[in-house]
Amino acid sequence: MSYHPLAQFIDEILVIFESLGFEIAEGPEIEDEWHNFDGLRVPADHPSRDVQDTFWLDSKHPLRTHTTSVDLRLMEGEKPPARFIIPGRCFRHEATDQHHEAQFYQIDGFAIDKDISFADLMGTLEFLIKRLYGKQVELRFVPHHYPFVEPGLDLHIRQKGQEEWLEVLGAGILHPEVLKNMRVDPTKWQGFAFGMGVDRLMMLYYGIDDIRLSYVNDFRFLKQFKP
Amino acid sequence: MKLVLDWLREYVKFEESADQLADLYTSLGFETTTLSKEVIDLEITPNRGDCLSVLGLAREYAAKANKPLSLKRCQYDFSEKPKSIKIKADPSLVHRYTAAIIRDVRIKESPHYIKEKLLAYGIKPHNNLVDITNLIMIETGQPLHGFDLAKIKGKSIVVRAARKGEQLEILSGEIIKLSGENAVIADKQRVIDLLGIMGGANSAISESTKDILLQAAALEPQVIRKSTKSSKVSSEASYRYERSVDFEGSRYGISLATKLIEQEAQGSVEEIFDLIIKPLRTRSLGLRYRKVSELLGTRLDNKLIRNYLIRLGFVLVKDSGSDVVVKVPSHRMADILFEEDLVEEVGRLHGYNRLSRKLVAKTSPKINVSYQIKRAIRVSLSVAGFQEILSYSLVDPKHAQALGIGESELRKLANPLSPENSVLRPSLVIGALKSIQKNAWWPQIKIFEIGRVFTKQGEQKNLLVAASPGFSKTDYELLNNLNVVRFEPTHQLSKLLKLRRPVELVETSLQFYAKAAKVKPPAATRPALPDITYRQISAFPPLVRDIAIIVAKDIAPENIIRTTKSLDQRILIVELFDEFISPKFGKNKKSLAFRLVFDNPQKTMTDDEANQLMEKIVRELKDKLSASMR
């Protein structure tokens with residue numbers, strides 16, 4: 001098989017979530033301000049906007065900075081309970097070097113149900129990480145602020161023999177205002193959401209040290225990933 | 001935010017090392033790295049403006065470690081209104097104006113202990129007055145500014161929106177053209193301060209300054225954000241104001257600074273006042289105890305929940321046994337607004353890693369058919385020997401124009417990083433040709449890409465299949481009915497990209513291809529991730545060699561690939577490109593052809609080096625597998 005390692009890694013994660021009942025969904029790469037920002041409680045007049053430097057086509061349309069934008073879109077046409085897993089290309093207004101890319105892939109996922117909690121979220125993320133990196137990987141959950149979730153967390157992992165913890169994804173319980181923006185009644189439903197940058201997860205898996213290699217398509221790189 | 005441990009010690013007692021403190025703060029939600037035995041560096045998320053100070057971080061430590069926080073003692077008698085100056089302030093801009101008038105200060109170099117603290121934080125020392133205001137801002141989170149009192153015309157301070165046409169030279173020397181988006185302080189005659197961001201040069205403290213007005217204001221965060229965005233000036237002060245400064249912090253901040261000025265600049269306080277312009281509306285929030293277990297999925301004792309909140313500075317208003325009502329402390333007014341915020345505080349102090357975890361209950365899977373078809377296309381093209389690529393979405397408009405796609409058709413970025421990456425790709429052809437150029441050393445290139453393309457009509461999922469120098473007969477069969485386009489090296493885009501070989505390609509919408517090629521969702525499951533050891537690729541060109549061998553029919557090509565690659569680090573890729581059985585090779589024999597890529601991280605691969613590697617491989621295959629060369 002001659003898959004791109006990133007595309008294959010995305011598929012690996014999708015299959016794990018499909019096995020848990022998550023449905024794959026996609027959305028547009030050119031977004032509007034509501035779905036990418038305001039609907040997720042990232043207003044223009046708040047510094048939380050600065051965390052994600054953004055490419056704009058015009059004053060109302062960014063290139064999406066995360067596939068979390070699709071969470072809102074999906075629930076415009078769905079009723080809970082719902083489970084989706086959303087892969088896609090995202091963009092960040094950032095100069096490119098070994099560790100930074102202006103484009104990257106994200107997988108975002110969410111589940112809304114009557115009684116989904118932080119325990120389900122952390123347990124599910126642990127299941128994912130151990131499926132990908134093996135049983136011996138260590139996990140650490142720490143609080144983190146994302147405006148669209150409350151409580152929020154970051155997941156750090158440490159592989160065997162490594163000293164440093166690496167931040168691999170962000171997640172949390174969907175904020176009641178975001179549920180409202182999804183047209184879901186927060187007094188009846190709750191849910192979790194998570195988002196992960198796949199480029200870095202894939203690089204960690206294979207031990208790749210330059211994020212740009214994924215997009216220049218050198219056969220010396222691509223053809224190494226054959227079973 | 002850098003935190004000097006000795007400075008933290010002025011507020012809380014602790015035994016932990018820098019590494020242990022880094023772990024503690026990380027567990028509270030501040031990702032922390034240890035810079036030295038004495039300094040740690042914390043990431044403060046935009047919701048936690050209260051932690052952009054030694055005091056704020058000391059509070060967090062005290063709450064987590066359940067230890068007392070000791071504030072410094074320094075008492076001044078604040079009057080409610082100023083006596084010797086007039087203040088007119090717009091309450092939509094400024095909520096509180098706490099200030100001191102200090103006479104006969106001596107401006108000079110700061111003492112060593114002040115300079116040292118500032119340098120550890122990363123601020124360059126200036127003079128004792130400026131240094132003290134910076135020092136106290138870092139310590140308490142309250143931005144301070146000192147004006148030269150003699151330069152305030154008419155002893156009048158007016159806080160208002162700026163007017164179009166006004167301008168101000170700020171301390172950095174920059175001249176800012178103001179607009180209604182900015183808020184300023186003006187005196188009787190002119191603008192003297194870009195509110196919350198930076199003071200004006202016309203009212204700045206200089207070596208000859210004698211009397212000062214020292215200000216500690218509480219400002220409206222959105223006003224300062226708007227003003228920094230439009231003026232493109234920011235500072236340590238505006239960074240804090242944008243993230244909200246504690247309404248109740250101004251008296252403490254100005255008291256510490258005034259005391260230090262008395263001590264280090266020999267000033268004497270003439271008056272100190274605290275003018276409240278827009279009183280803080282306190283907030284009480286209810287928390288249902290059961291909400292904690294509903295959200296966290298872990299049951300915590302009611303008493304424990306209540307104690308966590310009290311340790312974090314929430315004041316107990318009432319506890320009904322099922323609900324608790326607390327008053328939000330003034331320094332958390334900006335980020336504690338919902339019941340869920342209180343749940344996070346409880347979880348945070350308890351420690352996320354002490355909460356229970358469970359895998360979400362499985363539900364029956366739902367299949368996304370169009371994604372399945374995309375997977376099927378990837379399988380079929382990959383089996384046919386096409387390498388999947390992913391190329392950049394942002395391209396050079398010149399390249400698009402070389403494809404005959406005019407400027408008016410392109411989706412342009414308003415803020416590109418560079419002109420070469422300023423439009424969204426209208427076609428996958430640009431990326432494909434770049435990839436082919438990148439791999440010009442490879443004899444027969446076959447690639448495909450699935451990705452979005454963008455035109456004025458919108459975005460669309462496309463498929464591109466390409467081969468260089470061209471498709472084979474079997475490729476044509478796979479791509480039947482599809483329109484193959486040929487790019488000669490003389491094509492304008494091929495010339496721009498310096499391609500020396502022709503390229504044949506097909507680009508269609510993914511949907512159209514699925515229909516035309518009659519793609520069915522894959523029956524087989526996808527292969528597992530390859531079990532490989534990734535090797536770094538060289539910055540220098542590789543060399544390619546082919547080898548054809550005859551071996552026993554039962555030898556798996558994968559074994560040969562593994563054996564060959566393990567012979568030498570420079571044997572980077574071994575790819576099977578032909579396999580067939582024929583009686584002319586002998587009984588139970590087959591022919592295998594491999595493409596080999598030799599890559600040397602240190603230098604360009606030479607023919608001599610490649611020949612030596614070939615000899616080594618041939619010897620190994622003969623010895624171990626009794627292979628014969630064709």
Side-chain angles (χ1 to χ4, degrees), chain A residues 1-4 6-8 11-12 18 20-21 23-25 28-30 45 47-48 51 55-58 83 89 93 95 102-103 111 117-120 122-124 126-127 140-145 150-151 153 173 176 206-208 214-227, chain B residues 26-29 45-47 222 225 242-243 295-298 338 340-341 343-344 347-348 352-353 355-360 362-366 368 371 382 386-393 411 413-415 417 435 438-439 442 452 459 526-527 529-530 532 534 537 542 572-573 575 597 599:
Chain A
M1 290 299 160
S2 317
Y3 296 138
H4 191 289
L6 199 49
Q8 191 176 9
D11 222 28
E12 184 77 15
E18 282 177 295
L20 297 173
E23 182 183 346
I24 297 171
E29 290 177 15
I30 297 179
D45 61 5
S48 53
V51 176
F55 284 115
W56 295 89
L57 283 108
D58 54 54
R83 284 182 190 192
R89 189 174 278 199
H93 192 270
Q103 70 179 36
S117 74
F118 220 52
D120 297 289
M122 291 194 292
T124 303
E126 179 172 19
F127 174 74
R140 169 170 96 174
F141 291 96
V142 300
H144 194 84
H145 175 69
E150 192 72 33
L153 66 81
I173 296 295
Y206 292 114
I208 296 165
S214 288
Y215 305 108
V216 294
N217 301 314
D218 191 316
F219 276 10
R220 287 176 293 175
F221 175 74
L222 294 178
K223 287 187 180 280
Q224 288 192 45
F225 303 95
K226 295 203 167 188
Chain B
T26 300
S27 81
L28 286 171
T45 47
N47 60 321
Q222 278 148 7
R225 173 153 175 93
E242 277 188 57
R243 285 157 180 75
L295 281 187
L296 296 183
T298 300
F338 294 85
E340 286 77 3
D341 296 326
V343 175
E344 179 175 80
R348 202 166 69 88
Y352 280 5
N353 296 305
L355 301 171
S356 49
R357 304 173 196 168
K358 68 180 185 19
L359 179 62
V360 71
K362 286 181 192 180
T363 56
S364 57
K366 283 187 191 158
N368 175 329
Y371 207 86
S382 173
F386 289 89
Q387 171 65 51
E388 183 176 25
I389 64 163
L390 293 172
S391 52
Y392 285 105
S393 296
R411 298 301 309 265
L413 292 180
N415 59 337
L417 284 166
S435 307
K438 182 94 197 159
N439 296 298
W442 188 271
R452 308 282 175 100
E459 60 182 89
R526 112 233 92 85
L529 294 178
I532 59 141
Y534 170 74
I537 64 172
L572 184 67
I573 307 239
E575 188 180 71
V597 179
D599 198 43

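Proteins get letters first, then strands, A, B, ... in listed order; numbering begins at 1 in each. Since this is a predicted model, take the numbers as computed values, not measurements.
In this structure, chain A has heavy atoms under 4.5 Å from both the backbone and the side chain of R348(B). Heavy-atom distances place the side chain of K438(B), and not its backbone, under 4.5 Å from chain A. Contacts between Q387(B) and chain A at a heavy-atom distance below 4.5 Å involve backbone atoms as well as side-chain atoms. When heavy atoms are compared at a cutoff of 4.5 Å, T45(B) approaches chain A solely by way of its side chain, counted from C-beta outward. The contact between S393(B) and chain A is made by backbone and side chain atoms together, counting heavy-atom distances below 4.5 Å. Both the backbone and the side chain of I208(A) come within less than 4.5 Å of a heavy atom in chain B. The contact between Q224(A) and chain B is made by backbone and side chain atoms together, counting heavy-atom distances below 4.5 Å. Both the backbone and the side chain of E340(B) come within contact range of chain A, with heavy atoms under 4.5 Å apart. For chain B, no part of A111(A) is nearby; none of its heavy atoms comes within less than 4.5 Å. Heavy atoms of N415(B) lying under 4.5 Å from chain A belong to its backbone as well as its side chain. If you measure heavy-atom distances from Y371(B) to chain A, the contacts under 4.5 Å come from the side chain alone. In this structure, chain A has a heavy atom under 4.5 Å from the side chain of D599(B), while its backbone stays farther away. Of the atoms belonging to F219(A), heavy atoms from both backbone and side chain fall under 4.5 Å from chain B. Interface residue L28(B): only backbone heavy atoms are found under 4.5 Å from chain A. With a 4.5 Å cut-off on non-hydrogen atoms, T124(A) touches chain B through its backbone and its side chain both.
At distances below 3.5 Å, not a single donor-acceptor pair connects side-chain atoms of S2(A) with backbone N or O atoms of E388(B). The backbone N or O of A119(A) sits nowhere less than 3.5 Å from a side-chain atom of T298(B) that would complete a donor-acceptor pair.
The closest side-chain heavy-atom distance from L6(A) to Y215(A) is below 4.5 Å. Counting heavy atoms from C-beta on, the side chains of N217(A) and S391(B) come closer than 4.5 Å. The shortest side-chain heavy-atom distance between F141(A) and L355(B) does not fall under the 4.5 Å cut-off. Looking only at side-chain heavy atoms (C-beta outward), N353(B) and S27(B) stay at 4.5 Å or farther from each other.
Separating the CD1 atom in I30(A) from the CG atom in L57(A) is a distance of 4.5 Å, to the nearest 0.5 Å. Separation of atoms NZ (K366(B)) and CD1 (I24(A)) is listed at 13.5 Å; rounding is to 0.5 Å. The OG atom of S214(A) lies 12.5 Å from the CD1 atom of I389(B); values are rounded to the nearest 0.5 Å. Going from atom OH of Y352(B) over to atom CD of E344(B) covers 4.0 Å, rounded to the nearest 0.5 Å.
For the set L572(B), N368(B), N47(B), the entry with the most heavy-atom pairs within less than 4.5 Å of chain A is N47(B). Of the listed residues (H144(A), E23(A), Q103(A)), the greatest number of heavy-atom pairs within a distance under 4.5 Å of chain B belongs to Q103(A). Options I573(B), T26(B), N439(B), I537(B) differ in how many heavy-atom pairs under 4.5 Å they form with chain A, and the most are formed by N439(B). By number of non-hydrogen pairs under 4.5 angstrom with chain B, the leading residue of P143(A), A7(A), G21(A), G207(A) is P143(A). Most heavy-atom pairs under 4.5 Å with chain A, from the set E242(B), E575(B), R452(B): that is R452(B). In terms of non-hydrogen atom pairs under 4.5 Å with chain A, the most contact-rich of L413(B), V343(B), T363(B) is T363(B). Looking only at heavy-atom pairs under 4.5 Å with chain A, the residue among R411(B), K362(B), K358(B), Q222(B) that has the most is K358(B). Ranked by non-hydrogen atom pairs under 4.5 Å with chain B, the options E126(A), M122(A), R140(A), H145(A) are led by H145(A). The candidate with the highest count of non-hydrogen atom pairs below 4.5 Å against chain A, out of S364(B), A414(B), S435(B), is A414(B).
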Start with the C-alpha distance between V597(B) and W442(B), add both sets of side-chain angles, then the distance that settles side-chain contact (heavy atoms from CB on, under 4.5 Å), and finish with yes or no. CA-CA 9 Å; V597(B) 179; W442(B) 188 271; 3.5 Å; yes
Stepwise side-chain contact (heavy atoms from CB on, under 4.5 Å) check, L529(B) with Y206(A): CA-CA 10 Å; L529(B) 294 178; Y206(A) 292 114; 4.1 Å; yes
Step-by-step side-chain contact (heavy atoms from CB on, under 4.5 Å) determination, D11(A) to Y3(A): CA-CA 10 Å; D11(A) 222 28; Y3(A) 296 138; over 6 Å; no
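One finds no salt bridge joining R89(A) and E29(A) here, because no Lys/Arg side-chain nitrogen approaches an Asp/Glu carboxylate oxygen to under 4.0 Å.
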